[in-house]
Number of protein chains: 2
Amino acid sequence: MNSIKSHKKTANTRLAMINAAIEIFGRDGYHGANNRELAKKAGVNLALISYHFGGKEGLYLAVFEHIAAQIKLRLEPLTAQLQLDLLSLSNVDVDDNNAKDQSLKIIESLLFAYIELLATEQTAVWIKLILAEQQAPSPAFAILYRGPISHLLQLLSQPVAFYLQKNPDHMMVKLTTLNLIGQIQIFRSFRQTVLQHTGWQDIKADELDLIKQQISLNVQALLAGLSIAK
Amino acid sequence: MNSIKSHKKTANTRLAMINAAIEIFGRDGYHGANNRELAKKAGVNLALISYHFGGKEGLYLAVFEHIAAQIKLRLEPLTAQLQLDLLSLSNVDVDDNNAKDQSLKIIESLLFAYIELLATEQTAVWIKLILAEQQAPSPAFAILYRGPISHLLQLLSQPVAFYLQKNPDHMMVKLTTLNLIGQIQIFRSFRQTVLQHTGWQDIKADELDLIKQQISLNVQALLAGLSIAK
DNA sequence: AATTATTAATCATTTGATTAAATAAATTGA
DNA sequence: TCAATTTATTTAATCAAATGATTAATAATT
């Protein structure tokens with residue numbers, strides 16, 4: 001597999017296989033998926049799974065490499081901008097109310113981006129794969145964590161730390177960052193419960209607006225309260 | 001299966017199989033588990049899976065019946081008490097600060113109970129099974145939802161609604177309730193990420209105390225902020 | 001011509017389920 | 001009470017289908 005020399009069409013074949021694999025691994029899980037259905041959906045021969053990826057497991061890992069790269073690509077423009085915003089923040093007096101407002105805006109931007117990421121039809125399958133790895137980590141988890149996950153956490157920790165006037169390494173900052181993500185993540189990880197409890201049929205544009213609205217209120221209330229509390 | 005007449009040992013055998021199944025389904029997922037290992041772990045013959053439960057799927061459903069019953073049993077004392085507290089709340093003036101404090105206490109009690117539920121070694125496996133159902137609901141999900149899940153949501157909605165001076169059916173109440181649960185649920189559903197981000201080795205007593213402490217602060221800050229905002 | 005990619009056919013295991021026989025427990029009748 | 005009988009439970013052996021992987025032949029690309 002992964003030979004140095006390759007034909008022109010090879011990349012296409014591999015991509016077709018990875019896309020099929022995302023769909024089927026996402027739907028059925030690693031064990032529930034089988035190579036024949038995988039190959040059929042990709043429109044290629046069964047033996048190509050072993051030929052290109054060394055087997056089912058290799059294909060599974062390739063899927064996570066692909067997803068990590070895609071998420072990075074998708075978040076890059078936003079995170080580049082926010083890095084700049086954060087830089088300008090660090091030179092500002094912490095008691096400046098304007099600066100607090102700005103850090104709040106950065107937090108909101110990141111959380112809204114995460115909401116969008118959770119919601120898109122395409123990424124919905126990614127999140128399923130990621131959730132599976134969170135419960136039973138395989139070597140694929142490292143690919144994810146060293147990629148987009150730690151990136152998002154690091155980025156979000158900074159404005160939270162600034163707002164709470166603490167070091168990003170402070171446990172309170174870390175926990176609060178996780179709590180913020182949790183408020184959103186619940187809509188994917190407890191998807192079925194959310195649908196039942198709200199009476200929604202699906203989580204589409206209208207529902208996302210409601211969620212964003214609520215999250216916006218929550219973030220302001222939570223951080224304002226926390227920064228007063230201690 | 002499930003014959004009307006049964007011998008004395010039958011209940012023990014079934015329970016041994018269910019307990020083994022919880023462990024193995026939780027670890028490997030429905031598809032990843034296989035009947036031979038299941039039977040071996042339970043210390044019974046392979047054919048008993050079909051005999052007692054009609055097959056692998058029947059055993060899987062029986063697992064969820066068992067879990068739902070266990071969670072109910074475990075939360076019953078607390079919820080009975082809180083129902084009473086809620087009843088006394090409903091007769092009180094909403095502007096009474098004491099009443100607000102009390103509703104906050106009820107919320108905290110429920111969330112702390114949920115944290116404990118997430119944390120126990122035994123229940124950890126249950127949550128894994130529940131999470132799997134959230135992603136790809138099978139008939140087992142209905143067993144869960146009609147049982148402990150909707151119960152917890154209904155119960156938690158009431159003090160939240162009281163505090164926010166809204167109807168429990170109001171979407172803001174529903175979303176806030178879910179957000180509160182999400183803040184906690186993240187510690188299980190993103191378990192591996194939490195461990196990496198915090199540097200924890202495991203989530204045990206010490207870590208649970210930190211989480212509770214933070215959640216306590218969050219709930220106060222969040223609800224106070226929200227009830228002022230609107 | 002040589003290398004790389006793809007295919008059809010096949011192999012060896014695994015797996016869920018079934019069957020028929022054996023064992024254990026409950027029930028019956030004296 | 002206690003053997004005889006019925007019923008329920010458990011076991012070992014086996015089946016048929018599914019599955020991941022491999023092989024040898026063919027096609028495409030360089």
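Note on naming: letters A, B, ... go to the chains in the order of the sequence lines (proteins, then strands), and numbering restarts at 1 for each one. As the structure is a prediction and not an experimental result, all values here were calculated from the model.
- Stem list for DNA chain D (at least 3 consecutive Watson-Crick or G-U pairs, distances under 3.5 Å): C:1-30 with D:1-30.
- Exactly one residue among Y60(A), W126(A), F64(A) makes a ring-ring contact (aromatic ring centres under 6.0 Å, His included) with F25(A). That residue is Y60(A).
- Under the side chain to side chain contact (heavy atoms under 4.5 Å, CB included) rule, Q185(B) has a single partner from I115(B), L118(B), L178(B), L180(B), which is L118(B).
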I would like to know whether E133(A) and R191(B) meet salt bridge (charged side-chain N to carboxylate O under 4.0 Å, His left out); could you show each step before the answer? CA-CA 10 Å; E133(A) 282 295 318; R191(B) 184 167 197 280; over 6 Å; no
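- Proximity of H52(A) to the phosphate of dT4(C): no side-chain N or O atom is located under 4.0 Å from OP1 or OP2.
- Judged by distance alone, the side chain of K56(B) and the main-chain N or O of Y30(B) form a donor-acceptor pair under 3.5 Å.
- In terms of modelled atom types and a separation under 3.5 Å, the side chain of T120(A) and the main chain of Q122(A) share no donor-acceptor contact.
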Using a cut-off of under 3.5 Å, enumerate the N/O to N/O pairs linking the protein to nucleotides 25-29 of chain D.
from    : atom 1 : to    : atom 2 : distance (Å)
dT29(D) : O4'    : H7(A) : ND1    : 3.4

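- Rounding to the nearest 0.5 Å gives a distance of 5.5 Å between NE2 of H52(A) and OG1 of T10(A).
- Atom-to-atom, NZ of K40(A) to C1' of dT7(C) comes out at 17 Å; the value is rounded to the nearest Å.
- Side-chain polar atoms of D85(B) and Q81(B) form a donor-acceptor pair below 3.5 angstrom.
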Per-nucleotide protein contact string for nucleotides 16-24 of chain D (B base, S sugar-phosphate only, - none; heavy atom under 4.0 Å): ---BBBBB-
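- Between the Q196(A) side chain and the Y145(B) main chain, no donor and acceptor come within less than 3.5 Å of each other.
- Environment of CZ in R146(A): sparse, with no more than 12 heavy atoms of neighbouring residues, nucleotides or ligands closer than 6.0 Å.
- Rounded to a whole Å, the CG atom of L48(B) is 15 Å from the P atom of dA8(D).
- Distance alone, capped at 3.5 Å, places no donor-acceptor pair between the E116(B) side chain and the A113(B) backbone.
- Between N12(A) atom CG and dA5(C) atom C1' the separation is 13 Å, expressed in whole Å.
- Put simply, CZ on R14(A) is 9 Å from P on dA5(C), counting in whole angstrom units.
- In terms of phosphate contacts, T13(A) brings a side-chain nitrogen or oxygen within less than 4.0 Å of OP1 or OP2 of dT6(C).
- The distance between atom OH of Y51(B) and atom P of dT9(D), rounded to the nearest whole Å, is 4 Å.
- The CE atom of M17(B) sits 11 Å away from the C1' atom of dT10(D) (whole-angstrom rounding).
- Counting only N and O atoms by type, the side chains of E23(B) and N19(B) include no donor and acceptor under 3.5 Å apart.
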